[in-house]
Protein chains: 2
Amino acid sequence: MRILIAENDAALGAFLQQGFQTERYAVDLTDDGQRAAALAGGNIYDAAILDLNLAQHGGIDLLRSVRAKRELLPILVLANQTGPQERAEMLDAGADDLVLKPFALSELSARVRALLRRGGRSAEAVLCVEDLELSRLERTVKRAGRSIELTPKEFALLEYLMRNSGERVTRAQIVRHVWNLSFDTMTNVVDVYINYLRKKVDSSSEHKLIHTVRGVGYQLRAHDTARPAASRAVAAS
Amino acid sequence: MRILIAENDAALGAFLQQGFQTERYAVDLTDDGQRAAALAGGNIYDAAILDLNLAQHGGIDLLRSVRAKRELLPILVLANQTGPQERAEMLDAGADDLVLKPFALSELSARVRALLRRGGRSAEAVLCVEDLELSRLERTVKRAGRSIELTPKEFALLEYLMRNSGERVTRAQIVRHVWNLSFDTMTNVVDVYINYLRKKVDSSSEHKLIHTVRGVGYQLRAHDTARPAASRAVAAS
DNA sequence: GAGCACTCATGAGAATTCTTATTGCTGAAA
DNA sequence: TTTCAGCAATAAGAATTCTCATGAGTGCTC
């Protein structure tokens, strides 16, 4: 796997290069937008990480010109804190994912893996289940149009549930993906966070989306499609 | 790079295998101690990760028999929360590093990398600078024999400073290694944590170990060996 | 149906991390 | 020497995460 990194800050660039090399990627690093676009055209990369804040030929133009050369190349953009319309602009210009600074290397690397796995255009930037909407890029959540404030952990948990909506997920799976832990925590952290989410996401609405699957774990599901299960279903308050 | 993983819990085993495979390691997985020892003897591994809690031939005997076959193989042990004497026993039996459950995959992977880099016996299990002592395995810190309680972040920061004692480290370096962030946080978290550490580590002692390097960052150094620098040095209270 | 064991929900609070604002110090220029 | 700007130290408090204990619900057995 060969990836292209365009990064202006030399220290950060070296940091990224080293980080990805330890994960056994071949990494090419440049701090020049022209060169980045030229390299990308060479057709040898499996993905590109572009910091749009370059001295030479940076910004959204860089993104556009790289995208123009390789229609299907997975592109991940690094950006500073930006407004919603800027983010939208980047997606329009062809970014597949967006990571805001400051970021953890492990997160960036996970995002790159995800991009490589599904190869290109994400289409998963916004997750929807019924009237619940989660935008990973803008880091916002809305229920029936009303926006909801979530803490980082809550957000990660909801994202995981939505990404697996309709599926039952065990506490162990949740701990692994959301907490990045290898093991069941002897405590009930997961339950507690589910409780937090329910208060913020489900309490205001008739349709409960977060369901408990007794003896197994939890499930986020629209209406009562899958598994009507027992008789009481939605009924009862 | 080929690593051997001995793990009883099938789900955890698969999780580890997948995790390390995404980092491009060749991974062999077994849940049988006999087999693990036999495989290790085969001389093809660069490192081993052993969960001592196996059904077949597990425990400290497994560790001993793997170590007997390969004197220099880097071995990392996974264990449940244990008492200090058990940990010491594991080190005696030949473990190079010890990771307690539950752990983050990223941490385990970082530890494996570190082991591979320095190839085998750690010797870095305990860090010492003057009368300050930090034991990574027991996760304890002592100053002049008196033990000090640190939070996880404080511990990680002190470990980083001690590992680079005598060197000046910038805030950016600290943020990268201790926070695993790619970027300067616009805030002064580092300063704040240095302050916490000073209170816990330096306040009770005459010899200050944590020094500020103005315009650069910080430095942990014994007495006043390196860089006597300005005239006021230690003087003044 | 009553009792029981088990699982999950919830409340409360502690520990930790992080942010912000203010104060203090240092070194350089006037 | 005085003044000033920039950097660092500190205090205070807010936000988040996590733990623990208790209470409620569920399904099983008798």
Side-chain angles (χ1 to χ4, degrees), chain A residues 81 102-104 139 148-158 161 168-172 174-175 178-181 183-203 208 210-220 229-233 235-237, chain B residues 81 101-104 139 148-158 160-161 168-172 174-175 178-181 183-203 208 210-220 229-233 235-237:
Chain A
Q81 300 293 335
F103 53 83
R139 223 194 149 287
I148 297 175
E149 292 290 318
L150 297 182
T151 71
K153 269 273 165 0
E154 290 166 356
F155 188 87
L157 174 56
L158 183 59
L161 291 175
R168 308 140 140 219
V169 292
T170 67
R171 289 184 178 74
I174 292 175
V175 165
V178 178
W179 271 261
N180 279 306
L181 281 180
F183 212 62
D184 292 305
T185 53
M186 316 298 267
T187 71
N188 67 339
V189 226
V190 174
D191 303 49
V192 171
Y193 271 82
I194 288 282
N195 191 28
Y196 292 163
L197 271 189
R198 278 182 165 146
K199 280 184 186 161
K200 293 190 178 180
V201 169
D202 259 354
S203 72
K208 305 302 183 194
I210 301 174
H211 301 264
T212 303
V213 185
R214 207 182 160 77
V216 177
Y218 297 94
Q219 183 181 31
L220 190 143
S231 52
R232 66 185 58 72
S237 76
Chain B
Q81 299 295 334
K101 301 176 188 177
F103 53 83
R139 223 193 150 288
I148 298 175
E149 292 290 318
L150 297 182
T151 71
K153 269 274 172 337
E154 290 167 355
F155 188 88
L157 174 56
L158 182 59
Y160 182 68
L161 291 175
R168 307 141 140 217
V169 292
T170 67
R171 290 184 178 71
I174 292 175
V175 165
V178 178
W179 273 260
N180 280 306
L181 282 178
F183 212 63
D184 292 306
T185 52
M186 317 297 267
T187 71
N188 68 339
V189 226
V190 175
D191 302 50
V192 171
Y193 271 83
I194 288 282
N195 193 26
Y196 292 164
L197 270 189
R198 278 179 165 148
K199 280 182 187 161
K200 293 191 179 180
V201 170
D202 258 354
S203 71
K208 305 302 183 195
I210 302 173
H211 301 264
T212 304
V213 185
R214 206 181 163 79
V216 178
Y218 298 94
Q219 183 181 31
L220 190 143
S231 53
R232 68 185 56 72
S237 75

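Every chain is numbered from 1 and lettered A, B, ... according to where its sequence line falls, protein lines coming before strand lines. Just so you know, these numbers use all the heavy atoms, side chains as well, and skip hydrogens, waters and symmetry mates.
- For A:Phe155, the ring-ring contact (aromatic ring centres under 6.0 Å, His included) criterion is met by no residue, not counting sequence neighbours.
- Protein atom CG of B:Leu150 is 10 Å distant from nucleotide atom P of C:dT16, rounded to whole Å.
- Rounding to whole angstrom units, CD1 of residue A:Ile194 and C1' of C:dA9 are separated by 11 Å.
- Summarising the geometry, the separation between OH on A:Tyr193 and C1' on D:dT17 is reported as 4 Å, rounded to the nearest angstrom.
- The distance from atom NZ of A:Lys153 to atom C1' of D:dT19 is 15 Å, rounded to the nearest whole Å.
- D:dA11 atom C1' lies 16 Å from atom CZ of B:Arg198, rounded to whole Å.
- Protein atom CG of B:Asp202 is 11 Å distant from nucleotide atom P of D:dT10, rounded to whole Å.
- The side-chain hydrogen bond (donor to acceptor under 3.5 Å, both in side chains) test applied to B:Asp191 returns B:Arg171, B:Tyr218, not counting sequence neighbours.
- Of the candidate nucleotides D:dA8, C:dT16, D:dT10, C:dT16 has the atom nearest to the side chain of B:Thr151.
- For A:Arg139, there are no side-chain hydrogen bond (donor to acceptor under 3.5 Å, both in side chains) partners, not counting sequence neighbours.
- The side chain to side chain contact (heavy atoms under 4.5 Å, CB included) test applied to B:Tyr160 returns B:Asn164, B:Val169, B:Gln173, B:Ile174, B:His177, B:Val178, not counting sequence neighbours.
- Taking atom CZ of residue B:Arg168 and atom P of nucleotide D:dA8, one finds them 12 Å apart after rounding to whole Å.
- Distance A:Asp191 CG to D:dC18 C1': 13 Å, rounded to the nearest Å.
- The phosphate of C:dC18 (OP1 or OP2) has a side-chain N or O of B:Trp179 nearer than 4.0 angstrom.
- A:Leu161 contributes atom CG, which lies 5.0 Å from atom CD1 of A:Ile194 (distance to the nearest 0.5 angstrom).
- Remark: B:Arg198 pairs with B:Thr212 by the side-chain hydrogen bond (donor to acceptor under 3.5 Å, both in side chains) rule, at least two apart or across chains.
- A distance of 14.5 Å separates CG in B:Leu158 from NZ in B:Lys153, rounded to the nearest 0.5 Å.
- Between A:Asn195 and C:dT10 there is a side-chain polar atom (N or O) within less than 4.0 angstrom of OP1 or OP2.
- The phosphate of C:dT7 has neither OP1 nor OP2 within less than 4.0 Å of any side-chain N or O from A:Thr212.
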With B for base contact, S for sugar-phosphate-only contact and - for none (protein heavy atoms under 4.0 Å), nucleotides 19-25 of chain C reads BBB----
